[in-house]
Amino acid sequence: MSNVEKVSGSSPAPSNGENGEPEKRKREYKDFGHEDTGPTKALVDMGTIELKAEDLYDKEKVDLETIVIDDVFKLLQCDDNGLTTEEAARRLELFGPNKLEVDEQNPFLQFLSFMWNPLSWVMEAAALVAIVLSNGQGKPPDWPDFVGIILLLFVNSAIGFYEEHNAGNAVKALMDSLAPKAKVKRSGQWSEIESANLVPGDMIAFKIGDIVPADCRLTEAINVSIDQAALTGESLPQSKKDGDQCFSGSTCKQGEAEGVVISTGPNTFFGRAASLVGQDDDTTGHLQKILAQIGSFCLITIGIFVLAEIFCLYAGFRYQYRRGLDNILVLLIGGIPIAMPTVLSVTLAVGAQQLAKYKAIVTRITAIEELAGVTILCSDKTGTLTTNKLTIDRNTIRTYGPFSAEDVILLSAYASRTENQDAIDSSVVTALGDPARARAGIKLLDFKPFNPVDKRTEITYKEEATGKLKRVTKGMTGIIIELCTRNKTEEIENRLEKDVEEFAARGLRALAVAYEEIDGDDFEAEGNGFELIGLLSIYDPPRDDTKQTIDDAIALGVRVKMVTGDQLAIAKETGRRLGLGDHMYPAKVLKDGPAPGGKHASLDEMIMDADGFAGVFPEHKYEIVKRLQGLGHLCAMTGDGANDAPALSRANVGIAVEGATDAARGAADIVLTEPGLSTIVHAIRQSRVIFQRMRNYSIYACAVTIRIVVCFAILAFTYKFDFPPFMILIIALLNDGTIMTLSVDRVLPSMTPDSWDLAEIFSYAIAYGLYLTASTIALVCIIKETTFFQRKFGVSLDTDFPIASNDPQLHMVIYLQVAIISQALIFVTRSHSFFFMERPSTALMVAFCIAQLISSIIAAYGDWGFTNIRAISGGWIGIVWVWNIVWFIPLDWIKFAMKATVIKSLRRRREAKLARDGATGVPMTRTQSRAASLHESLYSNRVSFIKRAARKVGFGQKVSVKPEELQRFSSIQAQRVGQTLARNPSRAQA
């Protein structure tokens, strides 16, 4: 039996040789790597196929990825001389350019979209009431209120527009990373053209360093190695031979090749990733959902009291038309937290600047809020958890001769290139520490580089110290052991086979090293026979800080799952090294589901239980993230390649790590500019600080809504109190200016994922709002019903006792009281303990003091006849300040009482509900679509209404994504190309 048969032949049934002894069994060294799949024939007669759609829908008949190359030429109606110029132009019309379309948005419509939400609608309605309806009875329109409301709206829209306008475009980044030029053969002549002009059937050529311009099947491949890590997540460059497929956007690392284009533009593997990114538009942003619910709370509260005022003031008190409108305007202007989207946006924008200090660039501002609530981090492996640089694992080196592990590394470095290295040579030389040692002390006589036939490298050298000639070879295990004549014993072969299988099971690539000496001075002479001296294991090591980062993430309540395009054994080994666990599954389970009778009842349960998935394609990553979101989790996804872009886009927070491709950066919400994942832990902590600031403001905003609406409605009902709407506008402007400083307030982050518990927020808001309402009504009652302040402090108002309800100075007193204590409430909502126990930021304190100074100055000098107020004396200003201080102190006790009763009860109910929902720890709610959640979608920055309007007036077009986009990729290619050609035969065929 030949040595070749011994290594690669199949294993027949045991038989006896001529001497009756059992024949030595054939060995297969199952080195870790990709299984080779040979080309297949189409299961139809290619001579009679008419390229009908029904043939091409069936992948079992035709698959452009695997059928023999001759059938590809027949199917695509071309040959190795390339297409004619005329045919290429015809196909360009049929298939479109080899680039991705970009959906351009009209800036003016984008700006208007920020005024398209229910909160803005109410303010816009208030503006219309002020300018249109407030006419008659000999009075001019209410211009001051109208101008103030419009100013508020435009400031909010301008800030939102600025942030949105600066956001990156994922599809554009994908488009820009396509190869701009391509070498193509047309009518038998090679030329260079724009890659956008390539069509299916074109003959192209590329060499080392080139980006593959379109998906193609190779017709000629000379020592070709393709790096497709950015597309498929495979850590090693893949060797390609004649007939193999190369993907658009991958990089040629070695050799040169010619091929026939089988797919272009949006139909390529690369283009489909862009389509998935563009397709992800079926959910409303998380912050928009929260804004919708808080907005609903405020709108319902206002609506109830506006209706009550209409019935009471008009039907009961018989108010004149204009007088009743002014009262309603007070509720509309004072009750709507119109600045809420702006305050939250500024808080997030300042947070983004703070994250930049940790080398994290935020490209979608609301992702910060969602990062605070992330419960699962889905991480790509290659280049994210690992370095994407092959490394020799010193701890697993096996030796078989008199040489030590260090000697094996040194000798294997001799047999490696020191210049123009491939990934394996680089890893071996790097393992020396000093690359110069790879040629130190020896004189190079002959070197044979790696090639796909021999599958090994070899060096012949002269040892300068002894003058002896020696030869070292390294390469594929099965090849090297056949060369080893000196120590290839049954025992050595058994050890080697066991070691290789162990490496393969752990996802380590085995590299065998052999050595021989040469007698004499002829370096081309045969040696004394190779001796197997060692076995190296090669792997892509984790980054230095990855394990600590994962531990920190887990400590913060965030679970980490690995989702990689690499093979299962590699994923498991990486998981073990990082402490992630090795409970991982191949991607096929996402299609097949859990095995019958297994421990997982459903695919969702399996995904939740898994530590990770291996061998995944873009749609697999996308599906995993989508299912986890469907289970109620907020997901973050890290990645660095174009293959990660769809999942980065779908995830609540997409994070592109340092060195990521333009495609990944464009799809991500946060882009890291330093290596590793440690920045993510800083980002999570910082996002939770920002979340606390937003929660504090939300409680404050809802409380002020209750406080204004209930207070002034009750005053109107009891005393026919007509407060000037313009003064409510002044209160809103001063409040908003102060509240902006919350974006830099001092708060402590939580150690668990944050979530918007709106029941708690509304409960606190109602308690605070009613208490503050009581403080104002009590003050009005004392002033109206008694002469206490006049007697004790010698103050007076314009009207004598009994005080008129609409005394201009009484209006000013109430303005000052409401302005001071409403703003002081923020010190209670921002603290967990007594307000004086948690020091606020300097900016907040300064802003509060300035606002109160302005309010006091207005009270002292504001004689504004157009709005029915008059300045009050210093005595009244002092009375109001003391009154507010007395009423402010018990606010902390109200907070503690709420925590001990209502909030405690709400949390118990929530915990009981979580226990009923199962072990997932989150509510089992599905992500809602815009169609199913119209109300929430109205709070989105880009509403579907505005998008439809843009399309109708011709502002930009979007590539349509069909349902079959999610089918197996090669079938789509075959279907689209072949079907189009079948419908449009060339004139020559006709």
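Heads up: numbering here begins at 1 and tracks the sequence.
- Between A847 and T738, the closest heavy-atom pair is O-OG1, 3.6 Å.
- The backbone N or O of I706 lies less than 3.5 Å from no partner atom in the side chain of Y768, so there is not a single donor-acceptor pair.
- Without hydrogens or angle criteria, T787 side chain to Q790 main chain gives no donor-acceptor distance under 3.5 Å.
- Remark: side-chain polar atoms of K895 are paired, donor with acceptor, to backbone N or O of S831 under 3.5 angstrom.
- Annotation: R746, atom CZ; neighbour count of heavy atoms from other residues, nucleotides and ligands within 6.0 Å is above 12.
- With D145 contributing its side chain and F726 its backbone, the two residues share a donor-acceptor pair below 3.5 Å.
- In this structure, CD1 on I826 lies 8.5 Å from OG1 on T741, to the nearest 0.5 angstrom.
- At distances below 3.5 Å, at least one donor-acceptor pair connects side-chain atoms of R830 with backbone N or O atoms of E838.
- By the neighbour-count criterion of 12 heavy atoms within 6.0 Å, atom NZ of K904 is sparsely surrounded, having that number or fewer from other residues, nucleotides or ligands.
- Aromatic rings of F691 and W756 (six-membered ring for Trp) have centroids within the 6.0 Å cut-off, being under it.
- The distance between the ring centers of F834 and W893 falls below 6.0 angstrom.
- Around atom CZ of F311, no more than 12 heavy atoms belonging to other residues, nucleotides or ligands sit under 6.0 Å away.
- Of the possible polar contacts, none joining the D754 side chain to the Q692 backbone as a donor-acceptor pair under 3.5 Å is found.
- Between the side chain of S775 and the main chain of L772, a donor-acceptor pair closer than 3.5 Å is present.
- If you check the side chains of S856 and W881, you find a donor sitting under 3.5 Å from an acceptor.
- When each of I814, V795, I872 is tested with Q809 by the rule side chain to side chain contact (heavy atoms under 4.5 Å, CB included), just one qualifies, namely I872.
- The ring pair (Phe, Tyr, Trp, His ring centres under 6.0 Å) test applied to F712 returns F723, not counting sequence neighbours.
- Side chain of D745 to backbone of P840: no donor-acceptor contact under 3.5 angstrom is found.
- Judged purely by atom type and a 3.5 angstrom limit, T799 has no side-chain atom pairing as donor or acceptor with the backbone of D807.
- The aromatic ring centres of F827 and F888 sit 6.0 Å or more apart.
- Nearest heavy-atom pair across R707 and T776 is NH2-OG1, 2.6 Å.
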